[in-house]
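Data first, discussion second: the structure below is written as structure tokens.
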There are 2 protein chains.
Amino acid sequence: MAPQTRMTKQRKVILEELRKVTSHPTADEVYDMVRQRLPRISLGTIYRNLDVLAESGEILKLESAGNQKRFDGNPMPHAHIRCTRCGRVGDVMNVGIEVPLDGMDVYGFTVTSARIEFDGICDACQSTN
Amino acid sequence: MAPQTRMTKQRKVILEELRKVTSHPTADEVYDMVRQRLPRISLGTIYRNLDVLAESGEILKLESAGNQKRFDGNPMPHAHIRCTRCGRVGDVMNVGIEVPLDGMDVYGFTVTSARIEFDGICDACQSTN
DNA sequence: TTTAATGCAAACCCTTTGCATGAAC
DNA sequence: GTTCATGCAAAGGGTTTGCATTAAA
């Protein structure tokens, strides 16, 4: 079965620091935050714990988007769906939803555009259960 | 002023190959496609041209999401806005839009979720014009 | 002829991993 | 005592860059 997890000092501090802020820090920013309390922690431990915590749903890992950039020969704006298993991307046509930006005001930002992103499982991954 | 651009053989073939497919290829996949017609092209040229073409709007570079992953101590699903200049991420509260997934059918995929993503310029970048 | 673009290779950045050691449980 | 997690350092994957050379315009 899946191995159990242990609430180590490191994992606890990482979670606490992350809960303190709303800045959506990167892994190295978390590293800087946590190092002030645990100076000997390693970056590898940060990465491993962020993954564990995201896996268990205690934190959110943003950009479900894959690591590699992808390109589209069709420059017309349209929605995309990404396979959460393999990263494959497909087009989503006829999304009958428009996000109104007029008067949209987000604290600390000037909104320029919005889009809908879909997640899913592609047929190839589906059959490779 | 901005330097002019030249329609090189390489750039032309990259654009043509990208227009041929709907697979949203990664840079190395474009490399493989193009290499069949221009065997001596380099991966660096692929990257440089994909950027030029995206800049000029002839193609789309997906995942406006940044390169680094970001983490959120608040695991409640909520929308995010990303600064297209510096990558900073903020929360978007009270987005009064729900994307209905029931009956949603996308060719080649089983849809599992959807979210709205906002792009913008953060105040810090705004003032650093 | 001028200068943007190329090919090549090295450098870069972020992330992951192997391994011996340490600490939850 | 068992085994999951750590620290460290090296390796990995994707992308960018410096430089001499080539080729658009």
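Within every chain, numbering begins at 1; the chains are lettered A, B, ... in the order of the sequence lines, protein sequences first and strands thereafter. As the structure is a computational prediction, the values presented were derived from the model and not from experiment.
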Starting from [atom2] on [N], measure out to [atom1] on [X] and report it in whole angstrom.
X	N	atom1	atom2	result
B:Tyr31	D:dG13	OH	P	16 Å
A:Glu29	C:dC13	CD	P	15 Å
A:Asp28	C:dC12	CG	P	17 Å
B:Lys69	C:dT16	NZ	C1'	13 Å
B:Ile14	C:dT6	CD1	C1'	11 Å
B:Ile46	C:dA9	CD1	C1'	17 Å
A:Arg70	D:dG14	CZ	C1'	13 Å
A:Glu55	C:dT16	CD	P	12 Å

- Message: What's the separation between atom CZ in A:Arg115 and atom NE2 in A:His78, rounded to the nearest 0.5 Å?
- Response: 12.5 Å
- Message: Just verifying a value: how many Å separate A:Gln126 CD and B:Thr110 OG1, rounded to the nearest 0.5 Å?
- Response: 4.5 Å
- Establish, with yes or no, whether the OP1 or OP2 oxygen of C:dT6 is under 4.0 angstrom from a side-chain nitrogen or oxygen of B:Arg40. no
Can you pull every protein N or O that's under 3.5 Å from an N or O on nucleotides 21-25 of chain D?
from   : atom 1 : to     : atom 2 : distance (Å)
D:dA24 : N3     : B:Arg6 : NH1    : 3.2
D:dA25 : OP1    : B:Met7 : N      : 3.1

- How do B:Val52 and A:Thr26 order along DNA chain C: which one's closest nucleotide is nearer the 5' end? B:Val52
- Message: Between B:Gln4 and B:Ile41, which residue's closest nucleotide on DNA chain C lies nearer the 5′ terminus?
- Response: B:Gln4
- Before accepting this row, confirm whether a basic side-chain N of the pair A:Glu16/A:Arg19 lies closer than 4.0 Å to the acidic partner's carboxylate O. no
- Message: Do the side chains of A:Arg82 and A:Glu117 get close enough for a salt bridge, i.e. N-O under 4.0 angstrom?
- Response: no
- Task: May I have the step-by-step check of side-chain hydrogen bond (donor to acceptor under 3.5 Å, both in side chains) for A:Ser113 and B:Asp119, ending in yes or no?
- Result: CA-CA 5 Å; A:Ser113 70; B:Asp119 293 325; 3.2 Å; yes
- Query: Base, sugar-phosphate alone, or nothing: which one does B:Asn49 contact when heavy atoms must sit under 4.0 Å apart?
  - Reply: sugar-phosphate
- State whether the number of non-hydrogen atoms from other residues, nucleotides or ligands found under 6.0 Å of B:Arg88 atom CZ is greater than 12. no
- Message: Is it the case that atom CG in A:Asp32 sees more than 12 heavy atoms from other parts of the structure closer than 6.0 Å?
- Response: yes
- Which heavy-atom pair separates B:Ile116 from A:Ala114 by the least distance, and what is that distance? CG2-CB, 4.4 Å
N/O-N/O pairs, protein side and nucleotides 16-19 of chain D side, under 3.5 Å:
from   : atom 1 : to      : atom 2 : distance (Å)
D:dG18 : O6     : B:Arg48 : NH1    : 3.3

- Looking at B:Leu53, B:Asn49, B:Val34, B:Leu50, which hits side chain to side chain contact (heavy atoms under 4.5 Å, CB included) with B:Leu18? B:Leu50
